[in-house]
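Below is one structure, written out as structure tokens, with a few remarks after it.
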Protein chains: 2
Amino acid sequence: MFSKTCEYAIRATVLIAMEGRHGRRMSLVEIARSTGSPQAFTAKVLQQLARSGILDSTKGARGGFDLPPAKAKKVKLNMVVKAIDGDHVYKGCGMGLPQCNARKPCPLHDHFQQVRDDLRHMLESTDVHTLSLGLERGTTYLKR
Amino acid sequence: MFSKTCEYAIRATVLIAMEGRHGRRMSLVEIARSTGSPQAFTAKVLQQLARSGILDSTKGARGGFDLPPAKAKKVKLNMVVKAIDGDHVYKGCGMGLPQCNARKPCPLHDHFQQVRDDLRHMLESTDVHTLSLGLERGTTYLKR
DNA sequence: TGGAAATCGGACAAGAATGTCCTAATATTG
DNA sequence: CAATATTAGGACATTCTTGTCCGATTTCCA
């Protein structure tokens, strides 16, 4: 569904949001460890998220990544997905046609419509702050 | 959503089903041309589908691939997807956790549930024969 | 003010997905 | 039976994704 890179991005963002609730900032090392993601690669992903304005990053000693609650409430999943994978997932054609729309639909177009709309709606209405709550309560998990 | 390979597979299968309605068999060359897919690669995809029992293939001159209507009605999209991509799309975890289930869910698990169920249901209830009808009527298309 | 701790970013490496090419096998047809 | 048309399948090539490494830069702190 999403690229592996995007999965790392989502995991990291939710985790950082959880720490952000306590005003804490996380280092790359902690993030990679807690999400079970390869460190160097995660660094790239975090950079992308920071450049996209989704995360705040601070360089230098005691630096790291953070996402304060106020901001986390405004960061919807679709922003993360879009920053990494683009919006192809919930906009592109299920059969891969470059131009597929209501006027010239692929055979799957109508059947896919609802699924895609559902997905898009879910991604647009789910914010990172909400997702971080379960993590904190211990009712959801980031590593197997 | 699906791999490119899987997209080719779906396109080809629907096309072949359309021809199958007239008792016709299609050659690789025709299939690749009509779906706008690379020929040699499409050959591999068709082989996979034939080996999976989704298509019937005939070797030799006047050979090709075919899918008679009776069979096309029984071939659901999920079979094609499963044969090529596996069932990861509508079974795997949205955040990529190897073990994610109701007992130990990822933060997205519940939010994803509905989308995945929708997708699974759509794939399981849509058969290739039905999809081929629109193509034949000219209300749906396989190439941009 | 210098060393340590951290992100940034570019270059490179490994692996997976996609795509091509060639030969073998098989069936049809003249 | 020979020539031709076609799928089967292995080996290889290319491109994209995923992943590593290293030096530069920035910031903190003793």
Side-chain angles (χ1 to χ4, degrees), chain A residues 1-13 16 19 24-67 81 83-86 88-89 92 95-96 98, chain B residues 1-13 16 19 24-67 81 83-86 88-89 92 95-96 98:
Chain A
M1 182 87 80
F2 304 129
S3 71
K4 224 164 170 181
T5 308
C6 191
E7 292 173 353
Y8 293 150
I10 298 173
R11 290 196 237 164
T13 306
I16 296 166
E19 286 300 298
R24 288 198 290 262
R25 179 183 292 162
M26 293 191 87
S27 76
L28 166 63
V29 176
E30 296 176 283
I31 295 166
R33 190 174 40 72
S34 304
T35 57
S37 323
Q39 198 177 107
F41 191 71
T42 302
K44 301 296 186 189
V45 177
L46 294 172
Q47 271 174 50
Q48 255 184 282
L49 292 172
R51 264 185 265 127
S52 310
I54 289 172
L55 298 178
D56 297 336
S57 81
T58 315
K59 293 176 79 169
R62 308 290 305 165
F65 299 87
D66 84 308
L67 182 49
V81 172
I84 305 292
D85 280 352
H88 180 273
V89 205
M95 295 178 65
Chain B
M1 182 89 77
F2 305 128
S3 71
K4 224 164 170 181
T5 309
C6 191
E7 291 172 354
Y8 292 150
I10 298 173
R11 289 196 237 165
T13 306
I16 296 166
E19 287 299 297
R24 288 197 291 261
R25 179 183 291 163
M26 293 192 85
S27 77
L28 166 63
V29 176
E30 294 175 285
I31 294 166
R33 189 174 38 72
S34 304
T35 57
S37 323
Q39 197 177 108
F41 191 70
T42 302
K44 302 296 188 191
V45 177
L46 294 171
Q47 271 174 51
Q48 256 186 280
L49 292 172
R51 264 185 265 128
S52 311
I54 289 171
L55 297 178
D56 298 337
S57 81
T58 315
K59 294 175 77 168
R62 306 288 306 164
F65 299 86
D66 85 308
L67 183 49
V81 172
I84 305 291
D85 280 352
H88 180 272
V89 205
M95 295 177 68

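Proteins get letters first, then strands, A, B, ... in listed order; numbering begins at 1 in each. Everything quoted here is computed from the prediction, not taken from an experiment. Side chains included, hydrogens not; waters and symmetry mates left out as well; all remaining heavy atoms used.
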Separation of atom [atom1] in [X] from atom [atom2] in [N], rounded to whole Å:
{"X": "B/Asp66", "N": "D/dT7", "atom1": "CG", "atom2": "P", "value": "12 Å"}
{"X": "A/Gln48", "N": "D/dG19", "atom1": "CD", "atom2": "P", "value": "13 Å"}
{"X": "B/Ile31", "N": "D/dT7", "atom1": "CD1", "atom2": "C1'", "value": "11 Å"}
{"X": "B/Lys44", "N": "D/dG10", "atom1": "NZ", "atom2": "P", "value": "8 Å"}

Rounded to the nearest 0.5 Å, what separation is found between the [atom1] atom of [X] and the [atom2] atom of [Y]?
{"X": "B/Thr42", "Y": "B/Ile31", "atom1": "OG1", "atom2": "CD1", "value": "8.5 Å"}
{"X": "B/Met95", "Y": "A/Lys4", "atom1": "CE", "atom2": "NZ", "value": "15.0 Å"}
{"X": "B/Cys6", "Y": "B/Arg11", "atom1": "SG", "atom2": "CZ", "value": "11.0 Å"}
{"X": "A/Leu55", "Y": "A/Met26", "atom1": "CG", "atom2": "CE", "value": "11.5 Å"}
{"X": "A/Asp56", "Y": "A/Ile16", "atom1": "CG", "atom2": "CD1", "value": "10.0 Å"}
{"X": "A/Leu49", "Y": "A/Ile10", "atom1": "CG", "atom2": "CD1", "value": "10.0 Å"}

| Reckon B/Ser57 has a side-chain N or O less than 4.0 Å from the OP1 or OP2 of D/dA8? |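 Affirmative; the distance criterion is met.
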| Which residue lies toward the 5' end of DNA chain C, B/Cys6 or A/Arg51, if each is placed at its nearest nucleotide? |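 Taking each residue's closest nucleotide, the earlier one in sequence belongs to A/Arg51.
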| request: Please tell me which of B/Phe41 and A/Phe65 maps to the more 5' nucleotide of DNA chain C, matching each residue to the nucleotide holding its nearest heavy atom. | output: A/Phe65
| remark: Out of D/dC28, D/dT20, D/dT6, minimum distance to the side chain of A/Arg62 belongs to D/dC28
| Would you find more than 12 non-hydrogen atoms of other residues, nucleotides or ligands less than 6.0 Å from B/Arg62 atom CZ? | no
| field | Comparing A/Gln39 and B/Val29 on DNA chain D - which has the more 5′ nearest nucleotide | value | B/Val29
| query | 5'-most contact on DNA chain D: A/Ala40 or B/Lys59, nearest heavy atom basis? | reply | B/Lys59
Distances under 3.5 Å between nitrogen or oxygen atoms of protein and nucleotides 14-17 of chain D:
none

| task | Would you indicate what A/Arg25 reaches in the nucleic acid, counting non-hydrogen atoms under 4.0 angstrom: base, sugar-phosphate, or nothing? | result |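 Contact class for A/Arg25: none.
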| Within the structure shown, what part of the strands sits under 4.0 Å from B/Leu28 by heavy-atom distance: base, sugar-phosphate, or nothing? | sugar-phosphate
| query | Contact boundaries of DNA chain C with chain B (under 4.0 Å, heavy atoms), 5' to 3'? | reply | C/dT18 to C/dT28
| query | Is the closest side-chain heavy-atom distance between A/Arg51 and A/Gln47 below 4.5 Å? | reply |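 A side-chain contact under 4.5 Å exists here.
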| said: Is there a side chain to side chain contact (heavy atoms under 4.5 Å, CB included) between B/Phe41 and B/Thr5? Walk through the geometry before answering. | reply: CA-CA 9 Å; B/Phe41 191 70; B/Thr5 309; 3.5 Å; yes
